[in-house]
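Shown next, in structure tokens, is the structure this report addresses.
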Amino acid sequence: MTKLNQIIAVEKGVKSKSLQDINTAHAKVQKPALLAGISRTYQPKDEEGEQLPPESTRVQVQAEDVLREVSASLTRLFDVTATKDWANCLARADVTVDGRALVADVPVSYLLFLEKQLAELHGFVKRLPTLDAAESWSLDPSTDWWKTDPVRTIRTKKVPRNHVKAEATEKHPAQVEVYYEDVPIGYWTTVKFSGALPARRVNELLERVEKLQQAVKFAREEANGAEVTDQRVGDAVFGYLFG
């Protein structure tokens with residue numbers, strides 16, 4: 001018995017050949033000279049007249065032959081595609097994770113959908129924001145945000161100070177240099193908050209997505225290993241169309 005994965009393996013080649021055959025057939029019937037033929041003979045008016053050889057051109061392309069060629073090529077394509085589509089209606093498998101059937105009796109078409117969606121979901125999860133590893137975070141139950149421990153820092157203010165470089169004399173005023181000194185005036189207590197995720201959580205999510213991706217691939221392989229019944233649709237279709 002033929003298996004579904006064998007039909008899938010040959011389908012692309014059959015499609016390619018059918019397209020090539022159709023293009024070749026179309027090119028043939030679009031050249032009027034290939035479909036045209038002629039035969040003519042010459043007879044002089046009297047016995048003294050010039051004798052000329054007969055002329056003839058054979059028909060090189062016959063439209064009915066082209067139709068038979070197209071029919072033969074497309075019949076194979078129609079049969080292969082029908083066999084695959086009929087089988088896809090019946091081919092099913094369980095998506096099993098850690099020994100448990102997460103989704104049971106899944107058709108091949110839905111398994112293909114799952115594969116595509118999980119690939120996109122993997123990219124989404126991989127780009128999720130994570131908490132800054134340089135900070136120490138804890139979950140605040142009142143806000144459901146992550147927060148850091150309070151950090152106390154000093155707030156300072158620059159206060160001008162005078163530095164006497166030279167005392168005043170009877171002839172010269174004092175030489176004074178102004179400089180600024182940072183003087184503590186208060187304290188900041190800072191707590192940072194974040195709605196991002198711990199790296200551990202993101203890694204757990206990625207592991208789950210990847211595990212499910214593997215399970216879906218295994219299920220698809222199992223479903224594609226189902227035996228198929230060869231369908232014979234092409235003869236009926238082209239028997240009607242070109243018969």
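Note that the coordinates shown come from a computational prediction; the quantities given were computed from them, not determined experimentally.
- A 4.5 Å side-chain heavy-atom check between Ser194 and Trp145 finds every atom pair outside the cut-off.
- Residues Pro44 and Glu50 are not in side-chain contact: their nearest non-hydrogen atoms beyond the backbone lie 4.5 Å or more apart.
- A heavy-atom distance below 4.5 Å is not found between the side chains of Gln43 and Thr41.
- The CD1 atom of Ile7 lies 9.5 Å from the OG1 atom of Thr81; values are rounded to the nearest 0.5 Å.
- Pairing each heavy atom of Thr83 with each of Thr229, the nearest pair is CG2-O, 3.7 Å.
- In terms of the ring pair (Phe, Tyr, Trp, His ring centres under 6.0 Å) criterion, Phe218 has no residue partners (sequence neighbours excluded).
- Contact check on Asp79 versus Arg76 returns no salt bridge, with no Lys/Arg side-chain nitrogen under 4.0 Å from an Asp/Glu carboxylate oxygen.
- A salt bridge (charged side-chain N to carboxylate O under 4.0 Å, His left out) check over residues 130-154, counting only residues at least two apart or in different chains, returns the pairs Glu135-Lys192.
- Atom CD of Glu167 is surrounded by 12 or fewer heavy atoms from other residues, nucleotides or ligands within 6.0 Å.
- Taking the salt bridge (Lys or Arg N to Asp or Glu O under 4.0 Å) definition, one finds that Lys31 meets it with nothing, sequence neighbours left out.
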Task: Steps toward side chain to side chain contact (heavy atoms under 4.5 Å, CB included) verdict (Ile38, Glu55) - done: CA-CA 8 Å; Ile38 193 172; Glu55 297 178 357; over 6 Å; no

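- Val151 belongs to no hydrophobic cluster with other residues, because no ILVMFWY side-chain heavy atom falls under 4.5 Å from its own, directly or through intermediates.
- Between Lys158 and Asp182, at least one side-chain nitrogen of the basic residue sits less than 4.0 Å from a carboxylate oxygen of the acidic one, meeting the salt-bridge criterion.
- Salt-bridge check for Glu221 with Lys217: failed, with every basic side-chain N at 4.0 Å or more from each acidic carboxylate O.
- Surrounding CZ of Phe124 are at most 12 heavy atoms belonging to other residues, nucleotides or ligands under 6.0 Å away.
- For the ring pair (Phe, Tyr, Trp, His ring centres under 6.0 Å) test, residues two or more places apart in sequence or in another chain that qualify with Phe78 are Phe238.
- Side-chain contact annotation: His122 with Glu210, donor-acceptor N/O pair under 3.5 Å present.
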Check: residues 18-30 side-chain donor-acceptor pairs under 3.5 Å, at least two apart:
from	atom 1	to	atom 2	distance (Å)
Ser18	OG	Val14	O	2.9
Ser18	OG	Ser73	O	3.4
Asp21	OD2	Lys17	NZ	2.8
Asp21	OD2	Ser73	OG	2.7
Asn23	ND2	Leu19	O	3.3
Thr24	OG1	Gln20	O	2.9
Lys28	NZ	Glu69	OE1	3.4

